Amino acid sequence: MMTDDIDLSASFGSAWFPWPVFTASGCASSGKELAQFFPLREIGAVVTKSISIKARSGRPTPRMAETPSGMLNSIGLQGPGIDSFLENDIPWLVAQNTRIIVSISGETVDEFSVLARRLRSVRGICAVEVNISCPNVENRGLVFACDPEASRSVIEGVRRTLGGDLPIIAKLSPDVTDIVHIARGVVDAGADGLSLINTLLGMVINTDTLRPHLAGKTGGLSGPAIRPVAVRAVYQVHAALPEVPIVGMGGVRSGRDAFEMILAGASAVAVGTASFGNPRALLDIQNELKSLLKEKGFSSLKEAVGFAHRVDRTQREVKG
Ligand code: RRO
């Protein structure tokens, strides 16, 4: 259990989180499995698997492939659909006394708004993550986050639907030429924060069968292999939009990795792939991050956010 002698809290719009480590959407479903290993209230938030309007069985198998320092997934938005999610998952999560960020995914701008409308009056939700960057869709035209106009339209629609009720965190793709341009657009459209980054589009070919390993052919690359890409994205976006809070994610598996994200400009960190190997990874990372912050002389996490951008680093350079 963490003590509160150092302020590790993070805010996204009107949502406040006492701890900075969140589940990465898709890697912990609605948290039931992780709850066997630690109380979910001890992490910052559970970010749910992106939910669609209708139940989806996802892509055909195989849906996973190992890669050097990472993995590919081709899940294809498997999930129960919003009705069942609101009936079963949300009440369970509320009972865990944790903070809930609901991730939503639609195939059209309208579908995102429909999902937002369903969430508007649900008690116990802190924020909505708008996943406009799933790589495992029918065609690249559906990856809204690869197109500045499409990204804006989705966020504008969700903002209009939600009014001022719930903070919006837009989840972006690294598979773009200029992520800062996309980030600016969604912030202008009403996003309160950003989740950086979703997985990178990748592929593995099986040299025995001579065919793509994944039934869906391509998949999303996650794990330590993508961490430098994530750190770069967080750094670039924080440099351009220093007031916009970022959930940094991509290959974080230690407190030191999380610290790197914070120094790049993240206000919170999400952990996904690492929890497959170590279900307690989120808590371990949170505890290690806290120790590192103290060791480097920070009295709060906020003080360290974006520290790598500062030119007057002399004091801590002496310490570290
Ligand atoms: O379900 C998925 O295949 C998936 C999603 Br929605 C996403 O946002 N990112 C990813 O790697 N996989």
Side-chain angles (χ1 to χ4, degrees), residues 22-30 33 46-67 69-82 85 89 101-108 111-112 115 128-147 150-151 154-155 158 168-176 179 182 186 191 194-204 212-227 229-230 233 247-252 270-276:
F22 301 178
T23 63
S25 174
C27 298
S29 190
S30 288
E33 287 78 12
V46 172
V47 185
T48 65
K49 166 79 181 156
S50 299
I51 194 77
S52 313
I53 294 181
K54 296 225 163 70
R56 290 174 61 107
S57 52
R59 277 180 161 180
T61 55
R63 294 172 165 189
M64 303 278 231
E66 282 191 40
T67 63
S69 297
M71 58 172 275
L72 281 183
N73 85 80
S74 168
I75 306 302
L77 281 153
Q78 182 185 350
I82 189 76
F85 176 78
D89 298 69
I101 300 177
V102 176
S103 179
I104 58 173
S105 177
E107 288 184 15
T108 62
E111 280 194 11
F112 280 96
L115 286 160
V128 178
E129 181 185 82
V130 183
N131 183 3
I132 50 176
S133 50
C134 174
N136 299 323
V137 286
E138 292 299 314
N139 65 71
R140 294 300 285 170
L142 284 173
V143 186
F144 298 89
C146 291
D147 179 78
S151 305
V154 172
I155 302 302
V158 173
I168 295 172
I169 303 173
K171 185 159 185 176
L172 304 188
S173 169
D175 290 337
V176 292
I179 196 163
I182 309 282
V186 296
L194 301 164
S195 280
L196 304 176
I197 54 175
N198 210 318
T199 52
L200 283 81
L201 192 67
M203 185 184 234
V204 166
H213 175 82
L214 297 171
K217 297 196 173 65
T218 57
L221 179 64
S222 64
I226 73 166
R227 203 176 81 239
V229 177
V247 191
M249 72 203 71
V252 171
V271 176
T273 308
S275 53
F276 296 150

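As the structure lists them, so they are numbered: ligands from 1, and atoms in each ligand from 1. Remember, predicted model here, so these are calculated numbers, not experimental data. Numbering of residues begins at 1 and proceeds along the displayed sequence.
For ligand 1, the atoms closer than 4.0 angstrom to any heavy atom of L77 are 1 (O), 2 (C), 3 (O), 6 (Br). Below 4.0 Å from some heavy atom of N131 lie the following atoms of ligand 1, by number and element: 6 (Br), 7 (C), 8 (O). For ligand 1, the atoms lying closer than 4.0 Å to a non-hydrogen atom of I75 are 1 (O), 2 (C), 3 (O).
The shortest N or O to N or O distance between G220 and ligand 1 is not under 3.5 Å.
Of the protein's non-hydrogen atoms, the one nearest atom 9 (N) of ligand 1 is N198 OD1, 2.8 Å. Ranking protein heavy atoms by distance to atom 5 (C) of ligand 1, first place goes to C134 SG, 3.2 Å. For atom 12 (N) of ligand 1, the nearest protein heavy atom (residue, atom name, distance) is N73 OD1, 3.0 Å.
Within the 4.0 Å heavy-atom shell around ligand 1 one finds G76. At least one heavy atom of P135 lies less than 4.0 angstrom from ligand 1.
Note that OG of S151 and CD1 of I182 are 4.5 Å apart. Values are rounded to the nearest 0.5 Å. To the nearest 0.5 angstrom, E129 atom CD is 13.0 Å from I51 atom CD1.
Residue K49 holds the heavy atom nearest to atom 2 (C) of ligand 1 of all those in E129, K49, K171.
Between Q78 and I75, some side-chain heavy-atom pair lies under the 4.5 Å cut-off.
Contacts between T199 and ligand 1 below 4.0 angstrom, taking non-hydrogen atoms only, involve the side chain exclusively. When non-hydrogen atoms are compared, ligand 1 lies under 4.0 Å from the side chain of N136 (C-beta onward) but not from its backbone.
Every residue two or more places apart in sequence or in another chain was checked for a side chain to side chain donor-acceptor pair (under 3.5 Å) with E111, and none qualifies. Evaluation of the salt bridge (Lys or Arg N to Asp or Glu O under 4.0 Å) rule for E107 yields R56 as partners, not counting sequence neighbours.
Donor-acceptor pairing under 3.5 Å is lacking for the side chains of T199 and S222. For the residue pair S173/S133, the side-chain donor-acceptor check at 3.5 Å is not satisfied. Side-chain contact check for R63 and S74: no donor-acceptor pair (N or O, by modelled atom type) lies under 3.5 Å.
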